[in-house]
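In what follows, a structure is listed as structure tokens, so that the remarks can point back to it.
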Amino acid sequence: MSVALVERPSPVELVETRPVHARMLGGIPVADHLSRGELLIGQRTGEVGSVHSWELVTAVDGPGTRMTTFLAGCPLRCLYCHNPDTMTANRGVPVLADDLLARIRRYRGVFAATGGGITLSGGEVLQQPAYARRILRGAKELGVHTAIDTSGFLGRNADDDLLADVDLVLLDVKAGDEPTYHRVTGRRLQPTLDFGRRLDALGIETWIRFVLVPGLTDDPATIASIADYAASLGCVTRVEVLPFHQMGRGKWAELGLSYELAETAPPSAELVASTRAIFSSRGLTCF
Ligand code: SF4
């Protein structure tokens, strides 16, 4: 019999036929049992995502205790990326949306008690919009607060339906001008700015996040551009200035990638304070 004539069950049906000793990703089953064809279909429908990892965190990635899920694959190549192993989609493992949602369901009590919820991060969450849509919709049906952490570069992938299930966007604005943005990420800034304007029009609460890197993103004039932009958006309730650190350095070496910031020191406390002051002076709440 030709292989093409073998009838395969859909990814959803395959949940029932999963081997007992399947690989797990922090307690969530990895869908290793899917064929390549089933994976492709599942990724298109959003039943399957490429997931790097997940963790429970408090006081980062949004309010309260959060289950942050890192999706694999990102179109940017930030010089300071501390998770360069999330840049390519093939470094993730396949996880069924139903399995991720089952884990989210288990933490509903924790989320309710702490004012927390889920955050979809990456990599770039909007590189897998169908999967994100399923997870966000499922979480809302469970009454769970939802956030996405995104550069906004693929904001066009998020239709209004998807955004209707998002309570909070953590919008990473990596520079305030095109040349610096390109130097930092290899991409253009404008899609991020456009996405922020859309969030404002839709009235979706947004936190702006900015990574401060000495010698790379610390020009006060370009930071002022980000601050002016953030202040022009009524949806921005908070700005976070994140000091550059070297915690991702080892991963660049492990992956055999050249790391340009090896000699860059974290910003001084004075530089962090003066940067936050640029945002505060526009009436923004800045941490
Ligand atoms: S957007 Fe995030 S995941 Fe992508 S390269 Fe930049 S820091 Fe890394």
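Both counts, for ligands and for their atoms, begin at 1 and track the order of listing.
- Nearest protein heavy-atom contact of atom 2 (Fe) of ligand 1 is Lys174 NZ, 4.2 Å.
- Excluding waters, the protein N/O/S atoms found under 2.8 Å from atom 8 (Fe) of ligand 1 are Cys81 SG.
- Leu40 belongs to no multi-residue hydrophobic cluster, having no ILVMFWY side-chain contact under 4.5 Å with any other such residue.
- Ion pairing between a basic and an acidic side chain is recognised when a charged N comes within 4.0 Å of a carboxylate O; Arg91 and Asp85 show no such pairing.
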Pairs of donor and acceptor atoms involving the side chains of residues 111-118, under 3.5 Å and at least two apart or interchain, shall be tabulated with distances.
from   : atom 1 : to     : atom 2 : distance (Å)
Thr114 : OG1    : Thr65  : N      : 3.0
Thr114 : OG1    : Val110 : O      : 2.9
Thr114 : OG1    : Gly116 : N      : 3.3

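- Screening Thr217, Val239, Leu171 for a side chain to side chain contact (heavy atoms under 4.5 Å, CB included) with Phe210, the sole residue that qualifies is Thr217.
- Under 4.0 Å is where a charged nitrogen must lie from a carboxylate oxygen, and between Asp165 and Arg133 no such pair does.
- Taking Tyr229 as the reference, nothing meets the ring pair (Phe, Tyr, Trp, His ring centres under 6.0 Å) condition, with sequence neighbours excluded.
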